[in-house]
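Here the structure is laid out as structure tokens; the discussion comes afterwards.
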Amino acid sequence: GWRSILAELRSFRKDLLIGHLAAVLAVIAAVPAKVGRRLGAEESALRAMRMLNLLFGIVLVLATYRLARLLLPDRPRFHLVSAAVVGLNPMAMSLTYAAYNDVLAAAAGSIAMVAAVQWLKQGPTRKVGVVAVACSAAAVGTRVSGLVVALPVAAALFVGALSHAHHLS
């Protein structure tokens with residue numbers, strides 16, 4: 001139950017590659033639990049954690065829509081179908097309802113992918129680069145499986161920067 005969730009929050013910090021980011025994410029996730037325990041309302045704290053996860057799930061669906069739009073701008077049905085496949089996927093729905101960090105990693109990773117594609121298609125900007133790196137770090141810092149996103153994003157940033165430098169010369 002509730003104690004196992006708190007134990008999971010404590011232990012997941014030890015497994016992460018990015019220590020400071022992991023600590024910040026753990027504190028953000030643990031705040032509803034601590035407030036709820038002090039108020040004697042663990043159920044309310046769990047609901048607050050689930051609502052936070054729901055917000056990350058919504059971000060994931062919106063980022064998927066944006067990514068589809070960047071990749072195939074002339075296919076609006078594809079944009080909607082892509083977002084619907086992610087949003088209505090039973091596994092994604094289940095993880096969004098749980099008080100766990102998988103959806104945060106997926107949302108951060110999808111934003112990083114959007115930024116990387118935007119970097120490649122529209123040229124490098126500081127804002128897009130910072131978003132790509134920060135969201136990649138958040139994805140990896142939340143779940144080690146975020147490396148699946150971080151490595152291609154890093155490659156895209158590198159290729160985009162080289163391509164832009166080549167066009168300037």
Side-chain angles (χ1 to χ4, degrees), residues 1-71 76 78-119 127-150 152-153:
W2 183 247
R3 289 194 175 128
S4 66
I5 292 171
L6 289 176
E8 188 70 31
L9 285 173
R10 286 186 198 106
S11 69
F12 100 110
R13 289 191 309 184
K14 297 174 187 170
D15 300 329
L16 301 175
L17 299 175
I18 303 172
H20 295 298
L21 178 62
V24 169
L25 293 173
V27 166
I28 289 170
V31 165
K34 288 183 181 184
V35 170
R37 195 173 16 190
R38 286 202 176 137
L39 297 175
E42 281 92 3
E43 184 65 31
S44 295
L46 185 58
R47 285 186 186 149
M49 291 171 76
R50 286 178 174 161
M51 292 302 292
L52 186 61
N53 237 19
L54 178 61
L55 177 66
F56 294 141
I58 292 168
V59 168
L60 172 62
V61 171
L62 292 174
T64 302
Y65 179 85
R66 176 73 177 133
L67 184 60
R69 249 183 107 184
L70 282 169
L71 293 172
F78 178 74
H79 313 156
L80 291 174
V81 169
S82 298
V85 165
V86 170
L88 299 175
N89 180 319
M91 188 171 89
M93 291 171 72
S94 173
L95 289 173
T96 300
Y97 180 72
Y100 202 63
N101 60 352
D102 288 6
V103 180
L104 172 57
S110 61
I111 293 170
M113 291 298 290
V114 167
V117 170
Q118 189 169 338
W119 177 280
K127 178 182 173 184
V128 172
V130 167
V131 168
V133 170
C135 288
S136 292
V140 172
T142 306
R143 302 289 291 171
V144 174
S145 58
L147 284 171
V148 171
V149 170
V153 167

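All values derive from a computational prediction rather than experimental measurement. Just so you know, residue 1 is the first one in the sequence shown, and it goes up from there.
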If I compare all heavy atoms of [X] with all of [Y], which pair ends up nearest, and what's the gap?
X      : Y      : result
Ala139 : Ala105 : CB-O, 3.7 Å
Val149 : Gly109 : CG1-O, 3.3 Å
Ser82  : Thr64  : O-CG2, 3.6 Å
Ala112 : Ser136 : CB-OG, 3.5 Å
Gly57  : Val103 : N-CG1, 3.4 Å
Ala150 : Val140 : CB-CG2, 3.5 Å

Output the distance between atom [atom1] ([X]) and atom [atom2] ([Y]), rounded to the nearest 0.5 Å.
X      : Y      : atom1 : atom2 : answer
Asn101 : Thr142 : CG    : OG1   : 6.0 Å
Asn53  : Asp102 : CG    : CG    : 8.5 Å
Leu67  : Leu60  : CG    : CG    : 10.5 Å
Gln118 : Ile111 : CD    : CD1   : 12.0 Å

Original post:
Considering only heavy atoms from C-beta outward, does the side chain of Ser110 approach that of Met113 to under 4.5 Å?
Top reply: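 Ser110 does not reach Met113 side chain to side chain.
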